[in-house]
**Q** 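Please see the structure below; I have some questions.
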There are 2 protein chains.
Amino acid sequence: MLDLSDHSILSIRFCGKDGTFAPPSPIFRCMTRARPYDRNVALDAALSLFWRKGYHATSLKDLEVALRMKPGSIYAAFDSKHALYLSVLERYFLRTRDELRTLRDGSGPVLKGLAEHLRGVARREAHDPGRSACMLVRTMLDATAGEAELGARARSYLDAIRDEIEAAFRQARADGELPDQADTALLAQRYQSNMTALRIEAHRGLGDAALIGLAEQMAQEIEALGSGRLASPPKA
Amino acid sequence: MLDLSDHSILSIRFCGKDGTFAPPSPIFRCMTRARPYDRNVALDAALSLFWRKGYHATSLKDLEVALRMKPGSIYAAFDSKHALYLSVLERYFLRTRDELRTLRDGSGPVLKGLAEHLRGVARREAHDPGRSACMLVRTMLDATAGEAELGARARSYLDAIRDEIEAAFRQARADGELPDQADTALLAQRYQSNMTALRIEAHRGLGDAALIGLAEQMAQEIEALGSGRLASPPKA
DNA sequence: AGCTGATTTGAGTGATCACTCAATGCTTGA
DNA sequence: TCAAGCATTGAGTGATCACTCAAATCAGCT
């Protein structure tokens with residue numbers, strides 16, 4: 001009983017299989033069947049949206065616009081809003097972790113790299129009009145009892161990042177940048193706390209100079225570890 | 001056309017006008033018309049709920065249960081979910097501010113009080129099974145563009161708290177606990193950042209010992225300010 | 001051209017959202 | 001004892017939620 005008699009306008013969209021929504025090109029090489037969207041592009045769009053609005057405040061309507069996909073396609077590709085968020089969160093985590101890994105794999109001294117990382121985040125956020133705190137922290141704070149899995153996932157990713165930071169401190173110690181008795185676990189925990197606080201201050205809208213100054217203070221505390229005197233925490 | 005014939009049980013609730021839900025006392029002094037709920041009790045219930053679940057994830061249904069009020073009563077008393085949240089947020093802010101004020105008004109040295117405050121928060125959170133980060137921070141992170149007022153309010157409360165902290169540092173300086181050149185604005189900002197980070201770590205579920213250790217580290221940094229050497233931040 | 005099967009579509013699903021209001025019930029003053 | 005007046009009630013409002021599925025679309029093959 002579907003009556004199409006009054007459908008005078010049908011929507012027309014062109015989708016290149018690389019995910020760009022360009023008008024159709026005559027050169028269409030198709031193997032099995034190309035997807036008219038690119039999974040990575042879609043995930044990046046979802047990441048940006050979820051990061052900005054949070055899980056609860058982001059509706060399927062928002063996602064449809066951001067991903068340029070209809071609900072059916074979204075569900076075919078990502079199963080559910082919840083599953084999509086988990087995919088996005090993993091993507092965010094992997095990027096953050098890789099960014100930290102380059103600090104260890106880089107050529108310069110690791111301690112200096114950790115300090116510079118703090119300065120770099122502050123500088124980047126200072127110039128970003130859409131400042132936003134760490135997505136893992138946001139997810140953790142936002143996850144309710146009903147979405148325990150989200151919270152647990154965010155926590156485990158945060159733990160993995162802490163481990164990555166500790167690995168960097170351990171390498172610094174092995175390289176002789178830190179005294180042998182340096183407590184790398186404690187240093188990593190404090191470093192991560194500082195980074196969390198720094199990014200929340202960025203989200204808060206702290207003035208550029210103050211933000212960079214805060215990072216500078218934290219960075220110098222890291223660098224001071226190398227000079228020996230503060231390498232181990234104060235005694236209780 | 002209301003048929004009550006099959007209502008064999010009617011709910012019975014007794015509400016003292018002080019908000020306690022005690023059985024009716026023969027001594028009911030009523031001036032104009034006693035409210036069967038106490039605004040403060042209701043606000044506390046809403047505070048607990050909103051703090052735990054966040055603004056978006058808390059539904060009117062949740063509030064009806066927590067406040068023991070029907071939707072009509074909630075709207076008569078608080079206008080809207082949004083307005084209720086603002087009232088609750090102010091309540092939270094005032095408590096936090098007052099707690100800080102007692103540090104200044106107390107008898108002991110202010111610097112020691114600030115350090116003890118960090119230790120106290122860590123100890124309190126360590127024993128609280130329902131650990132939760134600062135509600136102002138949560139609100140700020142949760143507020144979307146569509147609820148700009150919520151975010152702005154949270155930010156201004158955070159600013160007010162920073163001012164309160166700075167006032168404490170200024171008093172410490174006036175009392176001779178800090179050197180004259182101590183930068184109280186910078187100290188306050190860092191103190192608040194540390195507190196934010198500490199409470200997020202609590203929310204994260206950091207082990208009790210680690211949480212208390214983190215606070216101890218922060219507290220000793222504050223106390224070290226009094227010994228002169230670290231009173232001003234490292235030079236850039 | 002026409003068939004085939006993978007893919008996209010978008011109107012529609014029931015549930016739940018924040019919120020309303022006519023009706024009810026209780027307290028008070030007469 | 002009762003009328004008046006207001007706080008409380010809770011079923012109901014339209015909107016929006018996450019999500020579904022039959023139909024349309026399109027590339028590749030014959």
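In what follows, chains carry the letters A, B, and so on, assigned in the order in which the sequence lines appear, proteins first and then strands, with residues in each chain numbered from 1.
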**Q** Nearest-Å distance, CD (B:Glu147) to P (C:dA18)?
**A**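 After rounding, the reported distance stands at 12 Å.
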**Q** Testing A:Gln192, A:Arg97, A:Arg101 one by one against A:Glu164 for a side-chain hydrogen bond (donor to acceptor under 3.5 Å, both in side chains), which residue passes?
**A**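 Answer after filtering A:Gln192, A:Arg97, A:Arg101: A:Arg101.
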**Q** In whole angstrom, give the distance that lies between atom CD of A:Glu64 and atom C1' of D:dT20.
**A**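 That distance rounds to 13 Å.
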**Q** Both A:Gly72 and A:Ser59 contact DNA chain D. Taking the nearest nucleotide for each, which residue is further toward the 5' end?
**A**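 Its nucleotide being nearer the 5' end, the pick is A:Ser59.
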**Q** Of all the choices, D:dC19, C:dA18, D:dG10, which nucleotide is nearest to the side chain of A:Lys81 once you look at every atom?
**A**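 Selected nucleotide: D:dC19.
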**Q** Using a heavy-atom cut-off of 4.0 Å across all strands, would you classify B:Lys70 as base, sugar-phosphate, or nothing?
**A**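 Base contact - B:Lys70 has a heavy atom under 4.0 Å of at least one base atom.
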**Q** Within this structure, what is the NE2-to-P distance between A:His56 and D:dC17, rounded to whole angstrom?
**A**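 After rounding, the reported distance stands at 14 Å.
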**Q** Testing B:Met135, B:Arg162, B:Met140, B:Glu90 one by one against B:Tyr157 for a side chain to side chain contact (heavy atoms under 4.5 Å, CB included), which residue passes?
**A**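 The passing option is B:Glu90.
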**Q** Which nucleotide, C:dA18, D:dC19, D:dT8, lies nearest any side-chain atom of B:Ala76?
**A**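 Looking only at heavy atoms from C-beta outward on B:Ala76, the closest nucleotide is D:dT8.
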**Q** For A:Thr144 and A:Glu147, which I'm curious about, is there any donor-acceptor pair between the side chains at under 3.5 Å?
**A**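 Looking only at side-chain atoms, A:Glu147 and A:Thr144 do form a donor-acceptor pair, the distance falling under 3.5 Å.
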**Q** With respect to the phosphate group of D:dC19, does any side-chain polar atom (N or O) of A:Tyr75 fall under 4.0 Å of OP1 or OP2?
**A**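 Yes.
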**Q** Whole angstroms only, please: what is the OH-P distance between A:Tyr55 and D:dC17?
**A**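 Nearest whole value for this atom pair: 13 Å.
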**Q** On the ring face of A:Tyr55, is A:Lys81 found with NZ or CZ under 6.0 Å from the centre and within 45° of the axis?
**A**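 Yes; both conditions hold, so A:Lys81 lies above the ring face of A:Tyr55.
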**Q** Starting at NE2 of B:His82 and ending at C1' of C:dC17, how long is that distance when rounded to a whole Å?
**A**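 It is 16 Å, rounded to the nearest whole Å.
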**Q** Given atom CD1 of A:Ile74 and atom P of D:dC17, what is their separation to the nearest angstrom?
**A**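 The distance from CD1 of A:Ile74 to P of D:dC17 comes to 13 Å, rounded to the nearest Å.
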**Q** Taking only the side-chain nitrogens and oxygens of B:Ser73, find out if one of them lies under 4.0 Å from OP1 or OP2 of D:dA7.
**A**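 So the side chain of B:Ser73 is outside the cut-off, no N or O lying under 4.0 Å from OP1 or OP2 of D:dA7.
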**Q** How many whole angstroms separate atom CG of A:Leu63 from atom C1' of D:dC17?
**A**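 One finds 12 Å between C1' of D:dC17 and CG of A:Leu63, rounded.
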**Q** Please check this pair: side chain of B:Trp51 against backbone of B:Ala133, looking for a donor-acceptor N/O pair closer than 3.5 Å.
**A**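 Such a contact is found between B:Trp51 side chain and B:Ala133 backbone.
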**Q** Grab the CZ-C1' distance between B:Arg39 and D:dT8 for me, whole Å please.
**A**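 It is 16 Å, rounded to the nearest whole Å.
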